[in-house]
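Written out below as structure tokens is the structure these notes cover.
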2 protein chains.
Amino acid sequence: MAQILIIEDEKSIQRMIEYDLKQIGYNVDSELDGFEGYKKASSGKYDVIILDLMLPNMNGMDICKKLRSEEVSSYIIMLTAIDDEYNVVQGFEVGADDYVTKPFSPRELTARIKAGLRGRNVDKKTDVLKYNDITIFQSSYEVVKGKIIVDLTLKEFELLVFLVINKGKVLSREQLLTNLWGFTYDGDSRIVDVHIFKLREKLDPQADYIKTVRGVGYKII
Amino acid sequence: MAQILIIEDEKSIQRMIEYDLKQIGYNVDSELDGFEGYKKASSGKYDVIILDLMLPNMNGMDICKKLRSEEVSSYIIMLTAIDDEYNVVQGFEVGADDYVTKPFSPRELTARIKAGLRGRNVDKKTDVLKYNDITIFQSSYEVVKGKIIVDLTLKEFELLVFLVINKGKVLSREQLLTNLWGFTYDGDSRIVDVHIFKLREKLDPQADYIKTVRGVGYKII
DNA sequence: GAGAAAATTAACAGAAAATTAACATAATAG
DNA sequence: CTATTATGTTAATTTTCTGTTAATTTTCTC
């Protein structure tokens, strides 16, 4: 599930937001201090960051600017009591994705969070993936087809997961290499083919889940 | 530059927004009527759609819902006079990416547009192209005509995409060669003809989507 | 450190697509 | 109306890409 960080020093507001979001099922972390919040956010692991502007030790604008300079791509929603055009524009300029003024309705905030998550396609961090009669348990690295456990090697498993997450999209060998092997890899891109072959063989010799798009790459449909 | 569509029946507001956005350098189209606006938006060619809620013939909520059901992935900003929690939440539920209530500051709107453009991957904007009864899914490299999937080779696919993006414009063989084959290519420019022929054959032997402009090149209308 | 498993490289055959070439047909200038 | 040129169409050829297998290297396990 989506990871959300709340950086807000007004405890009443922080608790309210946290409660609502946990109800929906998000994983929520909270931080009252600006600098501590920045350090957490800097990890890059959050899908959404709810960021108050006036904070002790480090203010929201600076946090946002710093995070963006570090290429943190979390969806940042700024939160403030000041409804001032200058601030709003500045907020977006330092890299915020949305800007909400207090008082706001909790439902509006959650709606905006959902919209942010939807736009970025990050809500797919679920443990169990399903694709046709195939079920993938990410935490246990198990794949079940029908009722039979399919033995996949690590690379085959990673490849399958990546294909399923990007279901429908054609993925080039380069995309697969950078995402599954790491940028540094500069070997032959034909490795991908071999793993695709083995995956097809293990999943189902008949059905062709995995389609080849000649000249481009592979996709699962 | 980014393509923006404004669907708004209040002329004063529409003009103001259009003026501001053109100043920045965006390509702006405007539509006063709901249904006409929907039809334009449905093309999928806009990066951002600014959508009023109360419109003649088709309301903003319905437009938004319909567009999302058609996989149009433009960044949709809803615009309304009603600052009502229920509406905001509903707006996000039908697929809006942002929601702004009137009166709003023009600078805030442009800031929100920029944030929307920034947040999305630029390649998303043109993922789904539509042309008559043909739908092109660029990320999956699929072409659907009516309800039938048309099997195209890579070159045919690229050619179709390029023609549709430059709909109406006549493209010379040289233009097509440099854009689809790369500058270095110095073979016979008649290759284009063969691919055009095959494309016509596969898309529809009857209808002539692709027009020949003798002495110049080809265009799709 | 030996043995097993997995990952990678290499090689080749077959299939698909791109390109060339050749001829047929249609459009246009004179 | 004819000669010329541009385009349509088909077939043949060449090139490229992928599937597949086997051999080699690396990693892991005991």
Side-chain angles (χ1 to χ4, degrees), chain A residues 141-143 149-163 170-221, chain B residues 141-143 149-163 170-221:
Chain A
Y141 283 80
E142 264 187 334
V143 174
I149 294 174
V150 184
D151 245 344
L152 298 182
T153 69
L154 179 60
K155 273 270 138 39
E156 286 158 13
F157 181 85
E158 290 175 337
L159 184 55
L160 177 62
V161 168
F162 198 68
L163 283 168
V170 178
L171 303 164
S172 70
R173 288 181 179 71
E174 284 64 36
Q175 274 179 290
L176 293 167
L177 283 173
T178 51
N179 282 288
L180 304 182
W181 277 260
F183 332 85
T184 49
Y185 187 86
D186 64 341
D188 195 342
S189 71
R190 294 292 312 277
I191 313 169
V192 178
D193 300 35
V194 178
H195 288 282
I196 288 277
F197 171 70
K198 290 187 176 162
L199 199 52
R200 278 172 170 161
E201 204 175 34
K202 285 186 183 178
L203 283 184
D204 200 348
Q206 274 82 0
D208 47 0
Y209 298 133
I210 302 170
K211 296 271 187 197
T212 303
V213 178
R214 217 185 137 89
V216 189
Y218 298 96
K219 69 173 167 179
I220 208 165
I221 48 160
Chain B
Y141 282 79
E142 264 187 334
V143 174
I149 295 174
V150 184
D151 247 343
L152 298 182
T153 69
L154 181 59
K155 272 269 137 46
E156 286 157 14
F157 182 85
E158 290 175 336
L159 184 55
L160 176 62
V161 169
F162 197 68
L163 284 168
V170 180
L171 302 164
S172 70
R173 287 181 180 70
E174 284 64 36
Q175 273 179 292
L176 292 167
L177 283 173
T178 51
N179 281 289
L180 304 182
W181 277 259
F183 326 88
T184 49
Y185 187 85
D186 63 341
D188 195 343
S189 71
R190 294 292 312 279
I191 314 169
V192 178
D193 300 34
V194 178
H195 287 284
I196 288 278
F197 170 70
K198 289 186 177 164
L199 200 52
R200 279 171 169 161
E201 200 175 37
K202 284 185 182 178
L203 284 183
D204 200 347
Q206 275 82 1
D208 47 1
Y209 297 133
I210 302 170
K211 297 275 188 195
T212 303
V213 180
R214 214 184 141 87
V216 190
Y218 298 96
K219 70 171 170 180
I220 208 164
I221 46 159

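What you see is a predicted model; the values in this text were computed from it and never measured.
- What you find for B:Leu180 and B:Lys155 is that their closest heavy atoms are O-CE, 3.6 Å.
- Residue B:Thr212 places at least one side-chain N or O closer than 4.0 Å to OP1 or OP2 of D:dG8.
- Per the geometry, CG belonging to A:Asp193 stands 14 Å off C1' belonging to C:dC12, to the nearest Å.
- In this structure, B:Ile196 reaches neither bases nor backbone, as no heavy-atom distance under 4.0 Å exists between it and the strands shown.
- Look at CG on B:Leu152: it is 10 Å from P on C:dA18, rounded to the nearest Å.
- Counting heavy atoms from C-beta outward, B:Leu160 and B:Ile210 have side chains that stay 4.5 Å or more apart.
- Between the base of C:dA16 and the side chain of A:Arg214 there is a donor-acceptor pair shorter than 3.5 Å.
- Within the 4.5 Å cutoff, side-chain heavy atoms of A:Thr153 are placed close to those of A:Lys202.
- Distances shorter than 4.0 Å separate some side-chain N or O of A:Thr153 from OP1 or OP2 on C:dA7.
- In this structure, the side chains of A:Asp193 and A:Arg173 come closer than 4.5 Å at one or more pairs of heavy atoms.
- Distances shown here put every side-chain N or O of A:Arg200 at or beyond 4.0 Å from the OP1 or OP2 atom of D:dT20.
- For the helix from C:dG1-D:dC30 to C:dG30-D:dC1, the rotation axes defined at the first and last 5 base pairs enclose an angle of 40°, given to the nearest 10°.
- Between A:Tyr209 and A:Leu163 the shortest side-chain heavy-atom distance does not fall below 4.5 Å.
- Spacing between atom CG of B:Leu154 and atom C1' of C:dA16 amounts to 12 Å, rounded to whole angstrom units.
- At the phosphate of C:dT19, OP1 or OP2 sits under 4.0 Å from a side-chain N or O atom of B:Trp181.
- At least one side-chain nitrogen or oxygen of A:His195 sits closer than 4.0 Å to the OP1 or OP2 atom of C:dT8.
- Taking atom CG on B:Leu176 and atom P on C:dA18, their separation rounds to 15 Å, with Å as the unit.
- Using a 4.0 Å heavy-atom distance criterion, B:Tyr218 is classed as a sugar-phosphate-only contact.
- Side-chain proximity of A:Ile191 to C:dA7, C:dT19, C:dT9: nearest is C:dT9.
- When rounded to the nearest whole Å, the span between NZ of B:Lys202 and C1' of D:dT10 equals 15 Å.
- OP1 and OP2 of C:dT9 both lie 4.0 Å or more from every side-chain N or O belonging to A:Arg190.
- If you take CG of A:Leu177 and C1' of C:dT8, they are 12 Å apart, rounded to a whole angstrom.
- If you measure from atom CZ of A:Phe197 to atom P of D:dA22, you get 10 Å, rounded to the nearest angstrom.
- Atom CG in A:Leu199 sits roughly 15 Å away from atom C1' in C:dA7 (whole-Å rounding).
- Between B:Asp208 atom CG and B:Ile220 atom CD1 the span is 10.5 Å, to the nearest 0.5 Å.
- Counting only heavy atoms from C-beta outward, the side chains of A:Tyr141 and A:Leu152 never approach each other to under 4.5 Å.
- Atom CH2 in B:Trp181 sits 11.5 Å away from atom CD in B:Glu174 (nearest 0.5 Å).
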